[in-house]
Amino acid sequence: MPATQVINGLKILNNKAGHSTQEKCAPSAFMASQTSKATSSTQTKKAAVSFNESKVPTKRFLNKVIPSHYAPRIPSALGKSKATMTSSVAPLDSAVKDLHPRKDLQSKREGACNIQAVVRVRALTQLEEVNKESIVFSTDTTSKTLKVISEDKKTPATFQVDHVFGTETSQAAVFDEVVEPMLEEVIKGFNCTILAYGHTGTGKTFTIEGNLGSNGVVLDADAGLIPRTLHNLFHQLGEDKTKFSIRISMLELYNEEPNDLLSLKSSSQKLMLTNDANNKLQINGIEEELIEDTAAGIALLQRGSSKRHTASTKINTTSSRSHCIFTFTLRLKGSTSAVREGKLHIVDLAGAEDTKVSGASNQRAREAGCINQSLFTLNRVISALAASSGNKSQHIPYRESKLTRILADSLGGSSKTCFIATVAPTHSCLDESINTLKYATTAMKITNVPVVNKTISSSLLVKELEAENALLRQKLLGTGEKSPCSEINRLLMEIQVEKDKLHGSSGKRLAAECALREAYAASETNLNSIATRLLLAAQDQTLVAQGLQTALDCQSSDVDLAQQKLNSLSDQCNEFINFLKSNLAPSNSSIDILVAAIDNLNAEVLIQKGKSFSVVTELKGTLEWIMSKLDLDSMSTPKTTPLVEMPFNESRKKRLRQCFDDLQAIFSQDQLPDHTTWESVKSLISDLDVLCEDLILYSDETQQYQAKYNEERVDMFKNIKKYCQIVLRSAKEYKDADLKNINELDSMFLALRNDIGTNGLTQAGSFKTIESKLSFITEEISKFTSELTLLQASMKCATQALPVQPDLADLPDSWKLVDPAVVCAEFPHPYLN
Ligand SMILES: Nc1ncnc2c1ncn2[C@@H]1O[C@H](COP(=O)(O)OP(=O)(O)OP(=O)(O)O)[C@@H](O)[C@H]1O
């Protein structure tokens with residue numbers, strides 16, 4: 001039995017023609033078609049998925065209530081009905097009741113609705129981002145409009161559709177808006193179609209398939225509509241597989257040839273498109289796979305998707321070269337024996353392309369030609385349908401391409417259809433985008449008349465299941481000469497021979513015949529049981545053989561593994577022995593060398609320690625020396641107004657001392673500093689750096705201050721000297737003047753004495769003259785004496801004002817400043833340099 005024919009233990013291969021038959025197909029015709037198909041397809045083991053190729057239904061029906069969430073052009077058309085994942089399936093009975101012909105006639109007339117169109121603007125690709133291409137569309141989800149932001153005034157500015165998805169829209173959001181409401185319709189028994197349409201590279205395949213994921217359990221954020229549909233259906237319909245079944249098929253139209261992407265048979269087995277008696281399209285030979293769960297569905301999808309024709313072009317590295325129609329067929333059992341069927345077709349069209357831009361040549365160019373041709377026919381069909389406004393007599397060129405033949409029911413037929421127009425966001429693709437948008441808005445004018453599919457009776461299902469069973473049994477037993485079946489046939493032939501012999505005997509052997517009949521019955525039973533046992537034995541043998549083979553395979557791989565391990569162990573042993581041989585002798589001396597090296601190292605460490613300690617001691621000495629030289633205490637209290645604010649305040653001095661103390665503490669330890677301690681040493685030294693900077697600054701300023709101070713002192717000395725000289729000079733002048741006065745007085749005294757000696761004291765007049773002269777002299781002397789006293793006092797003052805050591809060379813040591821740069825240069829620690 002070919003494994004490929006079983007998916008998760010079950011694959012149904014049968015003719016499903018007629019199951020999607022809609023109301024206008026008469027039950028008898030449907031049954032006839034079903035029966036004939038069932039018999040004729042047993043050889044091909046293929047199913048024929050039906051698409052209604054008829055044009056707009058000829059009958060119109062009244063009073064059909066359109067579900068509000070699907071009503072076109074109503075804002076909530078897509079996306080209002082976020083079906084909860086746990087919601088149960090709608091009761092079938094109501095749908096069955098709706099099948100009353102009159103009621104259906106009524107419902108169809110009111111059920112007409114337009115095709116919906118949504119637009120998705122692709123995100124910029126990496127290349128477009130690198131080329132800094134700008135986005136030429138603005139989207140408004142409220143007004144459902146897409147505006148072209150273009151300087152070209154001729155460009156139509158705005159398109160209104162049923163929903164717009166901007167560049168940032170997630171895959172989940174597209175699913176919620178577009179597919180989820182449709183799934184509800186499928187569950188109710190409608191056929192629905194989602195068509196992705198757009199120029200090459202605009203994101204159709206991304207939207208439809210996206211990232212399929214690897215196992216079917218976890219949904220990737222980039223998973224497209226198909227994997228999401230699978231997840232949603234299984235989640236929504238629950239575990240009980242007796243209540244529903246999901247089948248999938250994948251049809252590819254490559255160069256106008258239909259291929260079954262899920263088939264495991266050779267590609268030479270072509271699919272045929274035919275029309276049945278009711279003008280319904282049949283795809284003969286396509287396989288529908290029954291899927292048990294999401295994982296099985298994803299596995300099939302991956303298989304089908306990998307078989308699809310793709311190629312790299314200048315526009316898209318993974319350009320689809322074919323149209324792909326993916327179909328979910330959902331069957332639901334109700335409380336009655338009837339079964340309801342709904343279909344969802346998800347179509348990923350190949351994108352139109354200009355071969356000059358895409359660089360397609362040879363085979364790629366032929367593919368592009370076929371794609372463009374079929375899309376051209378599709379556009380003609382859309383335009384014709386939109387223009388016909390339901391006019392039956394209008395010719396719609398469905399038959400001009402296989403694509404439009406297949407999509408006939410979705411365009412102007414009985415499906416509920418949604419058009420997803422994908423556009424690139426860039427200016428370079430604007431013309432193509434506008435074409436796509438025009439077709440999308442044209443498609444919105446197309447009217448479909450959706451109808452609920454006819455329910456399938458349980459008797460029909462039983463027949464179908466029987467046929468399936470027969471197929472399965474046939475597959476199970478096989479047809480080869482050595483199969484158990486042929487063995488049974490051989491035995492049955494023998495029985496038949498026996499039987500014939502018995503029947504061929506004469507009347508006289510009638511009595512014996514009875515006995516023989518019994519014997520025959522017994523032998524037949526016996527032979528049947530032998531055949532069954534043979535069959536079982538053969539199966540057992542096969543299983544045992546398979547088991548043995550597996551065990552043998554395992555063992556032989558175990559033996560191989562063990563042998564490898566042994567080889568590697570033996571290699572290792574040899575290596576080790578060689579190593580021992582070559583290293584044993586010198587190893588003792590090596591240890592000695594090592595010990596000696598360690599001792600040396602220790603000694604070196606001790607030396608280093610000693611060195612470090614002496615460095616620290618020196619460092620401390622230097623510190624004290626710097627301190628003494630700087631005489632920080634006296635420097636910090638300038639006697640006069642300082643020239644600048646002194647930066648080296650008390651706290652900095654403290655910190656400086658602290659740094660040195662800390663360093664000393666670290667280096668006076670018995671052991672060498674560890675890593676952490678070295679980190680603190682570094683931090684202390686970096687503090688010292690900062691403090692030394694301050695010190696230098698402070699020293700510069702202090703020097704300036706000191707220089708100024710000294711200048712002032714020198715000036716003062718000079719002034720004092722000058723003053724003393726002035727005082728001395730004036731004292732001399734006074735002395736000279738007084739000496740002159742005294743001399744004059746002397747001469748006056750002398751003249752007076754001469755007068756008295758010559759004239760005598762008898763002349764009264766002369767006595768009075770002498771008296772006045774004497775008093776004048778006395779006054780003069782007393783004046784002179786007081787001036788002299790004043791002079792003496794001034795002299796004393798001036799002398800006292802002179803400094804004790806007025807020479808600059810004799811300034812005290814504390815006044816002399818040490819250049820900190822010199823100190824730093826002398827400083828023995830490397831970090832301070
Ligand atoms: N919405 C999006 N977000 C991010 N990347 C996207 C989006 N849509 C498409 N892409 C990326 O753009 C590239 C083209 O997308 P895709 O192959 O789906 O285009 P296409 O319309 O199917 O093209 P073709 O018609 O040539 O097959 C892919 O690399 C795809 O991953």
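Just the heavy atoms: all of them, side chains too, but no hydrogens, waters or symmetry mates, feed the values below. Every number for a ligand or one of its atoms is a count from 1 in the order of the listing.
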Participant: Classify the contact between T202 and ligand 1 as side chain, backbone, both or neither, using a heavy-atom distance cut-off of under 4.0 Å.
Facilitator: both
Participant: Could you identify the single nearest non-hydrogen protein atom to atom 21 (O) of ligand 1 and state the distance to 0.1 Å?
Facilitator: K204 NZ, 2.8 Å
Participant: Could you pull out the closest heavy-atom pair between R122 and G201, with the gap in Å?
Facilitator: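 So the two residues come closest at NE-O, 2.8 Å.
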Participant: In terms of residue, atom name and distance, what is the protein heavy atom nearest to atom 27 (O) of ligand 1?
Facilitator: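 Atom 27 (O) of ligand 1 sits closest to the protein heavy atom S320 N, 2.7 Å.
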Participant: List the atom of I135, the atom of I149, and the distance in Å for their closest heavy-atom pair.
Facilitator: O-CD1, 3.9 Å
Participant: If every non-hydrogen atom of A117 is compared with every non-hydrogen atom of V161, which pair is closest and at what distance?
Facilitator: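 Shortest heavy-atom separation between A117 and V161 comes out as O-CB, 3.4 Å.
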Participant: Using non-hydrogen atoms of the residue, decide whether Q171 is closer than 4.0 angstrom to ligand 1.
Facilitator: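 Q171: no contact with ligand 1 (<4.0 Å).
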Participant: Do the charged groups of R380 and E400 touch, with an N to O distance under 4.0 Å?
Facilitator: yes
Participant: If every non-hydrogen atom of T207 is compared with every non-hydrogen atom of Q171, which pair is closest and at what distance?
Facilitator: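 The answer is CA-OE1, 4.0 Å.
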Participant: At what distance is the nearest protein heavy atom to atom 26 (O) of ligand 1, and which residue and atom is it?
Facilitator: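 Protein heavy atom at minimum distance: T200 OG1, 2.5 Å.
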Participant: Salt bridge check, E177 against R120: does any charged N sit closer than 4.0 Å to a carboxylate O?
Facilitator: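 Salt bridge absent between R120 and E177.
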Participant: Once rounded to the nearest 0.5 Å, what's the spacing between atom CZ of F159 and atom CG of L437?
Facilitator: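 That separation rounds to 5.0 Å.
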Participant: Which ligand 1 atoms, with their elements, are less than 4.0 angstrom from a heavy-atom of T205?
Facilitator: 18 (O), 22 (O)
Participant: Can you pull out the closest protein heavy atom to atom 12 (O) of ligand 1? Residue, atom name and distance to 0.1 Å, please.
Facilitator: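 Ranked first by proximity to atom 12 (O) of ligand 1 is R122 CD, 3.6 Å.
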Participant: Protein non-hydrogen atoms only, distance under 4.0 Å: does atom 10 (N) of ligand 1 have such a neighbour?
Facilitator: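 Under 4.0 Å from atom 10 (N) of ligand 1, at least one protein heavy atom found.
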Participant: Is E185 paired with K343 through a side-chain N to carboxylate O contact shorter than 4.0 Å?
Facilitator: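 No, K343 and E185 are not salt-bridged.
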Participant: Using distance alone, determine whether G203 and ligand 1 share an N or O pair under 3.5 Å.
Facilitator: yes
Participant: Should you measure from each heavy atom of G351, which atoms of ligand 1 turn up under 4.0 Å away?
Facilitator: 25 (O)
Participant: Using heavy atoms and a threshold below 4.0 Å, how should the contact between R120 and ligand 1 be classified: side chain, backbone, both, or neither?
Facilitator: side chain
Participant: Closest heavy-atom contact between E353 and A368?
Facilitator: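 Looking at all heavy atoms of both residues, the closest pair is OE2-CB, 3.6 Å.
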Participant: Checking a contact table here: which protein heavy atom is nearest atom 31 (O) of ligand 1, and how many Å away?
Facilitator: F206 CD1, 3.7 Å
Participant: Looking at ligand 1, is there an atom of it that comes within less than 4.0 Å of some heavy atom belonging to G201?
Facilitator: yes
Participant: Have a look at L349, N316, N211, I371 and point out the one with the heavy atom closest to atom 24 (P) of ligand 1.
Facilitator: N316
